[in-house]
Amino acid sequence: MPLKRKIQELQKKREQVISGGGEKAMEKQIAMGKLTARERIVSLVDKNSFSEYDLFVEHEARDFNMDKKILHGDGVIIGTGTIHDKPVAIFAQDFTVAGGSLGLMHSRKITKIMDYALKMRMPLIGINDSGGARIQEGVNSLAGYGEIFYRNTLSSGVIPQLSVILGPCAGGAVYSPALTDFVFVVDKISKMFITGPEVIKTVLGEVISMEDLGGARVHSEITGNAHFFAHSEKESIAQIKKLLSFIPWSNSTKQEIVKVKEPKRQFKIDQIVPDNPKIPYDVRHVIKSIVDDSDFFEVQEKWAANMVIGFGRVGGKTTGFVCNQPLVLAGVLDVDSSDKAARFIRYCDAFNIPIITLVDLPGYLPGVDQEHAGVIRHGAKILYAYSEATVPKVTLILRKAYGGGYIAMSSKHLRADFVFAWPGAEIAVMGPEGAANIIFRREINEASDPEKMRKQMIKEYKAKFSNPYVAASKGYIDAVIEPKETRNLLLHALKVSEQKSIGGPKKKHGIPPF
Amino acid sequence: MGKQDPDQKLRYNSIYIDDTKYKTQLTTKYKNRKIWEKPNDNLLTAYIPGLVNRISGKEGQKVKKGDRILTFEAMKMNNRVHAHKNARIKRIFVKVGDSFPRGTVLVELEPLD
């Protein structure tokens with residue numbers, strides 16, 4: 001056969017595989033409001049930058065008449081491309097081929113690209129759209145999942161791993177996204193659960209829709225499994241690109257310095273925080289008055305909204321922000337917010353991203369539900385994460401920092417490199433009302449007018465202790481600063497701590513409370 | 001953010017921490033949290049949904065700690081419900097063949113006087 005014909009043969013073979021599950025299945029996919037697997041990849045990567053591998057891989061299943069079935073690409077596309085002109089590894093499950101079900105060869109394609117990503121130190125982006133395990137392949141498909149989970153864990157903290165849920169992702173399959181760093185979901189398209197509505201109905205008699213059980217909103221607001229919520233696939237893809245503009249390409253990649261733009265003038269740092277510590281405000285305005293170009297990219301916006309986390313640049317360098325949000329639940333620490341902050345701190349630490357912590361919290365959330373949900377062990381995560389992190393850590397106390405919350409929020413005692421406080425900061429064991437009620441209980445009870453006495457004692461306590469100077473006198477705070485000095489000082493603090501190097505005792509690994 | 005704050009119109013609730021009342025917004029999860037109640041020691045409540053397949057106790061009967069009162073099937077397993085103390089069976093709320101959701105009160109005991 002002459003080469004020309006061989007080339008034609010190749011082209012024909014390619015076309016066949018690229019047709020996926022055929023026209024009808026493609027139409028169905030589009031009717032569901034979804035892009036096809038290939039369209040997704042194309043819209044994600046730089047123009048013409050995608051190279052596909054393992055196009056001609058075929059499954060080896062023989063049982064249940066599988067030997068007569070041809071599954072193009074075995075239901076998954078793998079390859080490498082570039083985003084922002086930097087390399088990325090991608091796999092995208094093709095729902096049009098056997099429902100994107102995962103069989104042995106399907107999983108081998110995925111693990112192959114995962115191995116490339118780890119070896120070549122580039123981010124891995126997994127696009128999930130699959131009905132789950134290919135039952136006909138039995139234990140082989142379970143083995144496939146296991147191989148994927150193992151590699152997710154191996155790559156964790158070395159390369160960024162992004163999971164994009166653009167369809168169902170059910171059963172064991174959900175554990176790959178759960179092991180990765182960031183999960184992207186799209187309203188009405190993403191569905192994640194361990195056991196679906198059918199099983200729940202049969203076994204438990206509970207009737208629930210897929211959407212209410214494990215839709216995008218559920219995972220963005222209730223479970224915290226998702227990090228980024230989008231209304232459309234297009235928006236989701238834009239979010240992926242935005243995230244990748246902030247994060248380093250691997251744990252050994254030096255951060256790129258982006259041209260510095262000053263924060264926008266509409267965010268006036270000295271006019272955001274009310275004097276009265278009981279009055280709320282949106283801490284994101286403070287962040288935007290600090291970060292370059294007021295560009296703050298929030299992670300897990302809707303879940304545990306009493307804690308705000310996300311990325312911004314300070315002096316051109318990506319910085320992680322961990323901030324109490326007085327606007328929601330008075331900014332308390334609780335089970336979810338501790339969990340949220342701790343994981344983000346560990347992400348930043350793994351990828352050498354400095355952390356700025358903005359503190360304004362009344363303490364931990366009281367309640368039986370919190371205690372019984374294990375706020376002790378969940379709350380411990382944040383202490384662990386901050387103590388363990390060796391990246392530059394700069395803390396700014398905006399207003400209140402009471403009790404255990406003060407310690408937890410990157411205090412000097414957990415080895416924050418710099419702790420600053422605004423003049424209105426109150427660093428104390430608890431708020432003045434609670435403290436006065438305990439310390440002056442007898443004086444109040446024995447007074448002829450207890451209410452008057454209580455007020456006087458609160459006032460006295462406030463005057464004496466509700467300020468940053470007691471902590472500053474012990475060196476627990478490095479400097480008390482004016483709000484307008486904030487950005488320059490943070491820039492300086494990050495600059496001087498760039499070469500930070502600290503060590504701890506030798507160990508295999510610690511045992512964080514998770 | 002003073003005058004420029006677009007969130008000024010937000011409606012606030014309050015939350016108490018250490019005797020201090022803070023103005024803030026509440027989350028749906030917080031609003032939907034279950035208010036704790038002391039469990040009633042006399043009620044045997046289903047910790048899992050199931051299907052009753054055998055009833056061995058009778059209303060009015062005296063039972064000793066550990067006596068079997070009924071059996072139900074859940075998650076393909078037979079689960080036995082025992083008396084957790086010496087008591088009298090006041091009421092049995094289910095019969096053989098009934099399926100019930102989690103949290104259903106199956107049996108009420110009354111203390112022996």
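The chains referred to below are lettered A, B, ... by the order of the sequence lines, with proteins before strands, and numbering in each begins at 1.
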Check each atom of A/Val332 against the heavy atoms of chain B and say whether the ones under 4.5 Å are side chain, backbone, both or neither.
side chain

Could you check whether atom NZ of A/Lys455 has more than 12 heavy atoms from other residues, nucleotides or ligands sitting under 6.0 Å from it?
no

Do any N or O atoms from the side chain of A/Lys278 and from the backbone of B/Thr20 form a donor-acceptor pair under 3.5 angstrom?
no

To check you understand the geometry: which heavy-atom pair defines the closest contact between A/Pro366 and B/Tyr16, and what is its length?
CG-O, 3.9 Å

How about B/Arg68: does its CZ atom have over 12 heavy atoms from other parts shown lying under 6.0 Å from it?
yes

What part of A/Leu365 gets within 4.5 angstrom of chain B, counting heavy atoms only: side chain, backbone, both, or neither?
side chain

Report the distance from atom CD of A/Glu433 to atom CG of B/Asp19, rounding to the nearest 0.5 Å.
7.5 Å

Hey, could you give me the OG1/CD1 distance between B/Thr27 and A/Ile222, rounded to the nearest 0.5 Å?
10.5 Å

Does CD1 belonging to A/Ile376 count more than 12 external heavy atoms closer than 6.0 Å?
no

Is the closest side-chain heavy-atom distance between B/Tyr12 and A/Leu327 below 4.5 Å?
yes

A/Lys400 versus chain B, the contacting section by heavy-atom distance below 4.5 Å
side chain

Taking atom CG of A/Leu361 and atom OH of B/Tyr22, what is their separation to the nearest 0.5 Å?
8.5 Å

May I ask you to name which of B/Gln25, B/Arg33, B/Lys34 has the most heavy-atom pairs under 4.5 Å with chain A?
B/Gln25

Nearest heavy-atom contact between A/Leu329 and B/Thr24 is N-OG1, 3.1 Å

Which answer fits B/Leu26, side chain, backbone, both or neither, if we ask what part of it has an atom under 4.5 Å from a heavy atom of chain A?
both

Got a second to check how far A/Tyr364's OH is from B/Ile17's CD1, nearest 0.5 Å?
12.5 Å

With a 4.5 angstrom heavy-atom cut-off, is it the side chain or the backbone of B/Lys76 that approaches chain A, or both, or neither?
neither

Check each atom of A/Val328 against the heavy atoms of chain B and say whether the ones under 4.5 Å are side chain, backbone, both or neither.
both

Who wins among A/Ala330, A/Pro274, A/Ala373 for the most heavy-atom pairs under 4.5 Å with chain B?
A/Ala330

By a 4.5 Å heavy-atom criterion (distance strictly below it), what part of A/Asp334 contacts chain B: side chain, backbone, both, or neither?
neither

Atom CG of A/Asp275 with >12 non-hydrogen neighbours under 6.0 angstrom:
no

